[in-house]
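Below is one structure, written out as structure tokens; the observations come after it.
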Amino acid sequence: MMINITFPDSNTREYPSGVTGYEIAQSLSSQLARDILSITVNGQVLDITSPITTNATIKLHKWDDVEGKHAFWHSSAHLLAEALESLYPGMKFGIGPAIENGFYYDVDAGNEVIKESDLVIIENKMLELARLKNTYHRSDISKKDALDFFSQKNDEYKLELINDLTDGTITLYKQGNFTDLCRGPHLPSTEPIKAVKLLSIAGAYWRGDEKRKQLTRIYGITFPKQKLLDEYLVLLEEAKKRDHRKIGKELELFTFSANVGQGLPLWLPKGAALRERLENFLKKIQREHDYQQVITPHIGLKELYVISGHYAKYGKDSFQPINTPAEGEEFLLKPMNCPHHCEIYKSKPRSYKDLPLRLAEFGTVYRYEQSGELHGLTRVRGFTQDDAHLFCRPDQLKDEFKKVIDIVLYIFKTLDFPDFTCQVSLRDKTNHEKYIGSDDNWEKAEQAIIEACEEKKLSTIIEYGEAAFYGPKLDFMVRDAIGRKWQLGTIQVDYNLPERFELEYIGSDNQKHRPVMIHRAPFGSMERFVAVLIEHTAGKFPLWLTPEQAVILPISEKYNDYAKKVLKLLNNSDIRAVLDDRNEKIGKKIRDNELKKIPYLLIVGEKEMEMNEISVRKQGEGDKGAMKITDYIDFVNTEVKNMLQYEINNDNI
RNA sequence: GCCCUUGUAGCUCAGUGGUAGAGCACUUCCUUGGUAAGGAAGAGGUCUCGGGUUCAAGUCCCGACAAAGGCUCCA
């Protein structure tokens with residue numbers, strides 16, 4: 001019997017029933033047959049050795065496809081497990097999936113401790129096993145047989161996994177001496193796995209549950225060619241050079257001190273200047289959107305957070321209350337600004353005509369993050385939110401939400417952040433206990449966000465269980481240099497705090513109504529935003545933002561006086577320039593200042609002094625020739641102005 | 001918080017139980033130069049901190065603190 005196989009380009013060919021992906025590839029070209037790693041058949045990714053018995057639409061996956069790499073790395077995870085089982089007999093296995101870059105396996109080594117120094121030994125074992133070219137053999141198995149097999153092996157983790165599976169869907173894969181519970185797909189054999197690197201070792205809770213046993217997770221990556229591995233390792237090294245912690249130190253933007261405390265950044269003059277410019281940039285946008293700046297204290301009475309619900313939720317895990325000489329009086333360092341802003345809302349009666357009321361504050365907050373979570377500027381214990389709370393009528397909610405989306409998109413555009421994802425964070429579908437507020441309000445809030453995103457034509461991904469405990473949110477996620485995802489901007493709809501604080505306004509019907517609240521922070525926090533900005537720009541900040549825009553380099557000390565004159569002219573014209581009047585040769589000064597990533601190097605010597613000029617060298621680009629000082633000032637000021645051209649088209653950014 | 005790893009000069013790092021090192025940065029002097037490293041000399045250390053083992057500890061062991069990679073968490 002023949003079946004029709006349809007290819008991605010819609011061409012169809014006939015093959016005998018039972019044909020495999022490998023055979024199909026072979027019929028097209030022998031090179032393709034060597035390269036294919038997995039196959040999608042009617043939307044399902046399968047082994048290339050799986051027989052196809054019905055008419056099907058297929059796609060063959062090579063190394064360049066995610067599905068191809070996935071099969072490759074998934075098979076590599078099994079290879080790792082095989083190596084571990086042979087080196088550590090009796091080891092128990094958790095799960096071992098392919099991930100975005102490579103794979104991991106979670107194992108329980110019993111009393112053995114696997115150390116980083118053991119990784120090379122394991123790598124070598126993997127390569128040794130790979131060279132045996134063992135096939136990955138798939139078998140369907142009944143639940144009972146599966147349970148028997150892993151009982152005999154005494155592998156409680158696999159038993160737990162099997163118990164959650166339904167009979168008839170259970171498959172095992174075996175290569176060499178190792179058999180694993182697995183859905184597949186896998187490579188036909190270990191043959192293509194030519195290069196192996198085990199990257200790191202970590203603790204990981206079984207099934208992600210902090211209360212359960214911590215297994216040992218081994219991360220690795222494999223490639224079909226040694227050259228690809230070498231390139232990947234170079235790429236990793238390059239990425240590490242963009243690390244904001246490294247660049248922050250080199251460019252003297254921020255530092256930490258063990259005496260001040262973990263996770264409490266100290267902003268150095270250049271970092272503070274940069275941050276201040278970012279704040280002014282946002283303040284200007286907010287002024288145009290009728291936000292009003294407010295200022296609130298860094299502490300608040302504990303009762304304030306009891307009202308908001310934050311105390312019940314986070315009180316135990318926060319910086320503990322500050323006591324005063326007054327008996328029983330307790331203050332908390334503020335972990336967020338919303339309760340303070342609610343009190344501002346309540347400071348006088350509000351009419352529907354006053355809404356939306358938009359209160360903004362660069363508010364510094366303190367959260368006692370777990371010590372193991374702290375990370376440079378991206379996760380800290382004291383940070384400043386570019387916060388604002390929008391109090392509006394229910395009918396204004398969607399419009400307000402959309403206007404905030406515009407602001408976030410404008411900021412990302414101005415700062416040239418191309419790769420962000422919009423994540424709609426909703427409640428956990430099943431577990432509603434983690435959240436406060438009525439189902440009705442939650443549904444309204446979730447609906448408003450989804451509709452606003454649709455109307456702004458944002459492509460979003462929806463994540464259940466990622467909402468804040470008081471409401472759903474839209475998060476703007478950006479990756480750092482080594483691919484970790486961080487939440488930057490966030491917009492959150494909240495029906496709950498207005499209730500808890502009993503916020504009201506008088507409607508046109510002369511009745512009391514409850515406003516809806518939007519929490520929003522386009523940067524997220526100044527700390528995290530600057531961190532990600534550093535990694536995206538590798539420290540080469542846009543001209544309008546960078547701490548030092550130009551450095552003047554006299555050819556020799558004879559021209560220092562002229563250089564000082566130029567410096568004064570530039571500084572008086574709002575250009576942030578500095579002078580390098582060290583007794584060094586010009587080549588040396590150029591090198592040093594290029595490394596400091598200052599956008600313009602202005603060289604002055606005899607020629608320039610005579611002509612009232614400067615020679616302009618652009619960072620990373622080289623000599624641009626001589627210019628009159630006044631022309632240069634105009635040029636820079638125009639460039640800065642163009643970068644900050646403020647125009648938001650509400651419908652189309 | 002948990003698992004693994006690390007901590008030596010301002011920075012990057014060498015130093016495998018027996019006198020504390022290098023490069024860069026810094027200071028002084030020579031040099032006064034034309035688009036990515038001129039030369040010489042000098043200064044700089046409680047080897048993170050506290051215990052222990054040893055005739056002897058930067059080095060081995062224990063603890064604390066901090067940092068890195070991950071898990072969990074993230075208002």
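For the numbers below, each heavy atom of this structure counts, side chains included, while hydrogens, waters and symmetry mates do not. These figures come from a predicted structure and were not determined experimentally. Convention: sequence-line order gives letters A, B, ...; per-chain numbering from 1.
Side-chain rings of A:F501 and A:Y345 stay apart, their centers remaining 6.0 Å or farther from each other.
A:D155 and A:K92 are not joined by a salt bridge, as no carboxylate oxygen comes within less than 4.0 angstrom of a charged side-chain nitrogen. With salt bridges taken as basic N to acidic carboxylate O contacts below 4.0 Å, none links A:R207 and A:D209. A salt bridge links A:D580 with A:R582: the distance from a Lys NZ or Arg NE/NH1/NH2 to an Asp or Glu carboxylate oxygen falls below 4.0 Å. Between A:E361 and A:K334 there is a salt bridge, with a side-chain nitrogen of the basic residue lying less than 4.0 Å from a carboxylate oxygen of the acidic one. We find that A:K596 and A:E548 are not joined by a salt bridge, their nearest charged nitrogen and carboxylate oxygen being 4.0 Å or further apart.
Heavy atoms of A:K115 sit under 4.0 angstrom from primed sugar atoms or phosphate atoms, though from no base atom. When heavy atoms are screened at a 4.0 angstrom cut-off, A:N593 is found touching no nucleic acid atom at all. Within the nucleic acid shown, A:K313 has no heavy atom closer than 4.0 Å to any nucleic acid atom. Counting non-hydrogen atoms under 4.0 angstrom, A:A202 reaches a base of the nucleic acid. If you check every strand for non-hydrogen atoms under 4.0 Å, A:S308 touches nothing. Across all strands shown, A:R379 has heavy atoms under 4.0 Å from base atoms, whether or not it also approaches the sugar-phosphate. No engagement by A:E252 is indicated, since no non-hydrogen atom pair under 4.0 Å with the nucleic acid exists. At the heavy-atom level, A:F256 lies nowhere under 4.0 Å from the strands shown. As judged by a 4.0 angstrom heavy-atom cut-off over every strand, A:H375 is placed among residues touching the sugar-phosphate backbone only. The residue A:I586 sits close only to the backbone: its heavy atoms come under 4.0 Å of sugar-phosphate atoms, none of a base. Among the protein residues, A:G372 comes within range of the nucleic acid bases, having at least one heavy atom under 4.0 Å from a base atom. Using a 4.0 Å heavy-atom cutoff across all strands shown, A:V365 reaches no nucleic acid atom at all. A:R617 comes within 4.0 angstrom of a nucleotide base, judged by non-hydrogen atoms across all strands.
Judged by distance alone, with hydrogens and angles left aside, A:Y205 brings a side-chain donor or acceptor within reach of the base of B:G1, the pair sitting under 3.5 Å. Under 3.5 Å, the side chain of A:R381 and the base of B:C74 form no donor-acceptor pair of N or O atoms. Below the 3.5 angstrom threshold, one finds no donor paired with an acceptor across the side chain of A:Q370 and the base of B:C73. At a cut-off of 3.5 angstrom, the base of B:A66 holds no donor-acceptor pair with the side chain of A:Q262. A donor-acceptor contact under 3.5 Å is not formed by the side chain of A:E557 with the base of B:G33.
Both A:G622 and A:E369 lie close to RNA chain B; mapped to their nearest nucleotides by heavy-atom distance, the more 5′-ward contact belongs to A:G622. When each of A:K588 and A:T216 is assigned the nucleotide of RNA chain B bearing its nearest heavy atom, the one mapping closer to the 5' terminus is A:T216.
Atom P of B:G17 sits at a distance of 8 Å from the matching atom of B:C60, rounded to the whole Å. For the P atoms, the distance linking B:A41 with B:C47 amounts to 28 Å, nearest Å. Across the P atoms, B:U6 and B:C30 are found 49 Å apart, a figure rounded to whole Å. Nucleotides B:G38 and B:A25, compared at atom P, are 9 Å apart to the nearest Å. The gap from the P atom of B:C11 to that of B:G70 amounts to 24 Å, rounded to the nearest Å. For B:A67 and B:U48, the C1' atoms lie 11 Å apart once the distance is rounded to whole Å. Nucleotides B:G63 and B:G1 place their P atoms 16 Å apart, quoted to the nearest Å. Distance noted for atom P between B:G51 and B:A43: 32 Å (whole Å).
No more than 12 heavy-atom neighbours from other residues, nucleotides or ligands sit within 6.0 angstrom of NZ on A:K197. Within a 6.0 Å radius of CD in A:E502, other residues, nucleotides and ligands contribute 12 heavy atoms or fewer.
Set against B:A75, B:G70, B:A36, the side chain of A:E594 has B:A36 as its closest nucleotide. Among the nucleotides B:G34, B:G69, B:G70, the one closest to the side chain of A:D243 is B:G69. Side chain of A:K585, nearest nucleotide from B:G34, B:G38, B:A66: B:G38. You'll find that the side chain of A:A258 is closest to B:A66, out of B:U12, B:U32, B:A66. Minimum atom distance to the side chain of A:Y219 is reached by B:C71, of the listed B:C73, B:G34, B:C71. Ranking B:G34, B:U32, B:U12 by closeness to the A:N583 side chain, first place goes to B:U32. Among B:G34, B:U32, B:U35, the nucleotide with an atom closest to any side-chain atom of A:K607 is B:G34.
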> Just the dot-bracket of RNA chain B, please: which string comes out with Watson-Crick or G-U pairs under 3.5 Å, [ ] for crossing, | for another strand?
Replying inline: (((.(((..((((....[..)))).(((((.......))))).....(((((..]....)))))))).)))....

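For B:A75, the base is stacked against the aromatic ring of A:Y314, per a cut-off of 5.5 Å between centres and 30° between planes.
Under 3.5 Å, the side chains of A:Q492 and A:Y470 contain a donor-acceptor pair of N or O atoms. Using a 3.5 Å distance cut-off with no hydrogens or angles, the side chains of A:D387 and A:N337 do pair a donor with an acceptor.
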